[in-house]
Asker: 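Right, I'll just put the structure down here and ask away after.
Labels below follow one simple rule: chain letters A, B, ... track the order of the sequence lines, proteins then strands, and each chain is numbered from 1.
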Amino acid sequence: MSDKSPPGLRQNPHRLRDRADKNLEAAIGRSVRRHRKQQRMTVHDLAVKTGLSAGMLSKIENGATSPSLTTLQTLSHALSVPLVSLFEGYAEPRGAMHVRAGEAAEVERSGTRAGHQYNLLGHIGSNGSGVIVEPYLITLSEHSDVFPAFQHDGIELIYMLEGTVDYRHGEELYRLLPGDSLFFDADAPHGPEALIDLPIRYLSAICYPQNG
DNA sequence: TTGGGAGAAATAGAAGGCGT
DNA sequence: ACGCCTTCTATTTCTCCCAA
């Protein structure tokens, strides 16, 4: 097989799929076999019911092949289970980050004011959704500047943990108490305007488009 | 954007292996 | 020996690349 393409620039249809790629097939196979056994059916019984060959069913149950959508639909009908139930047990790896109390990274965000302590609670790259989420624990001390001036792309959620603050969003002013939340378009000027009861701590999750 | 060629993968059916 | 399942081989279908 000739390969004139620079590596990584073109899709290679001849690429052999590695073991990890077979997770989905294996999960489908286990699911089919479990449902078949539950209904006291043999491979032959299921083959008759679906119109598939017993050999094909064997490969499907052993994760040795990727059945077509039509085949999966046929199987779900024959087993009297929802199509999606054949995908039970398959989970793609998802990013997760555990930050213990007191271990959050202290960061500086452009535009933050004196006395505003930002602790980044975790960060994972975009998971393909095209959305970035930044969770912060924010602490305001008596020395904090208090005029609202933040303005950035995306949407922000604030959840009050401690203290009381008058928080401005655009033309509106909201008094936030512990347990209150504020969900708003971050494109409007926003920020704490009056520190009523110190110390003030709140969680802030900022969501914005990856390419925004 | 579309159609054709090439190759990979899915599928069917037969043969073989294994346990009881 | 029989039932159940897997493996092997041939055929069909699907996907990708590339030229027009």
Asker: For A/Arg33 and C/dC4, is the shortest distance between a side-chain N/O and OP1 or OP2 below 4.0 Å?
Answerer: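 A/Arg33 to C/dC4 OP1/OP2: no side-chain N or O under 4.0 Å.
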
Asker: According to a strict under-4.0 Å criterion, is A/Thr71 in side-chain N/O contact with OP1 or OP2 of B/dT11?
Answerer: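 Looking at the OP1 and OP2 atoms of B/dT11, one of them is under 4.0 Å from a side-chain N or O of A/Thr71.
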
Asker: Report yes if a side-chain nitrogen or oxygen of A/Arg36 is closer than 4.0 Å to either non-bridging phosphate oxygen (OP1 or OP2) of C/dC5; otherwise report no.
Answerer: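 A/Arg36 to C/dC5 OP1/OP2: side-chain N or O found under 4.0 Å.
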
Asker: So do A/Met160 and A/Ile200 actually touch side chain to side chain, heavy atoms under 4.5 Å?
Answerer: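 Side-chain contact under 4.5 Å: yes.
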
Asker: With a non-hydrogen cut-off below 4.0 angstrom, is A/Leu52 in contact with a base, only sugar-phosphate, or nothing?
Answerer: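 Contact class for A/Leu52: sugar-phosphate only.
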
Asker: Look up atom CD1 in A/Ile138 and atom OH in A/Tyr202, then write down how far apart they are to the nearest 0.5 Å.
Answerer: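 These two atoms lie 4.0 Å from each other.
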
Asker: Quick one: pull up CG in A/Leu46 and NZ in A/Lys37 and give me the separation to the nearest 0.5 Å.
Answerer: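 It comes to 11.5 Å.
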
Asker: Are A/Pro135 and A/Leu203 packed together at the side-chain level, in the sense that at least one heavy-atom pair is separated by less than 4.5 angstrom?
Answerer: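 The answer is no; the side chains never approach within 4.5 Å.
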
Asker: Give a yes/no on whether any side-chain N or O of A/Ser66 is located under 4.0 angstrom from OP1 or OP2 of B/dA9.
Answerer: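 No.
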
Asker: Specify the separation, in whole Å, of atom CD of A/Glu61 and atom C1' of C/dT6.
Answerer: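 Between C1' of C/dT6 and CD of A/Glu61: 11 Å.
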
Asker: Is a donor from one side chain sitting under 3.5 angstrom from an acceptor on the other, for A/Glu172 and A/Tyr174?
Answerer: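 Their side chains do not contain a donor-acceptor pair, so the 3.5 Å distance test is not met.
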
Asker: Heavy atoms under 4.0 Å, any strand shown: does A/Thr42 hit a base, just sugar-phosphate, or nothing?
Answerer: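 Sugar-phosphate, no base atom in range.
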
Asker: Can you tell me the distance, in whole Å, between the CG atom of A/Leu75 and the P atom of B/dA10?
Answerer: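 Computing the A/Leu75:CG to B/dA10:P distance gives 14 Å.
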
Asker: Mind calculating the distance between CG (A/Leu46) and P (C/dG3) to the nearest angstrom?
Answerer: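 Atom CG in A/Leu46 sits about 19 Å away from atom P in C/dG3.
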
Asker: Rounded to the nearest Å, what distance is computed from the CG atom of residue A/Leu69 to the C1' atom of nucleotide B/dA9?
Answerer: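 Roughly 14 Å, once rounded to whole Å.
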
Asker: Find the distance A/Met56:CE to C/dT13:C1' and express it as a whole number of Å.
Answerer: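 The distance from CE of A/Met56 to C1' of C/dT13 comes to 12 Å, rounded to the nearest Å.
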
Asker: Atom CG of A/Leu57 and atom C1' of C/dC5: how far apart are they, to the nearest Å?
Answerer: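 Distance, rounded to whole Å: 11 Å.
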
Asker: Between C1' on B/dA15 and NE2 on A/His44, what's the gap in Å once rounded to a whole number?
Answerer: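 Answer to the nearest Å: 16 Å.
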
Asker: With respect to the side chain of A/Lys59, which nucleotide from C/dC5, C/dC8, C/dT6 is positioned closest?
Answerer: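 So the side chain of A/Lys59 is nearest to C/dC8.
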
Asker: Let me know the distance between CG of A/Asn62 and P of B/dC18, rounded to the nearest Å.
Answerer: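 In whole Å, B/dC18 P and A/Asn62 CG are 15 Å from each other.
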
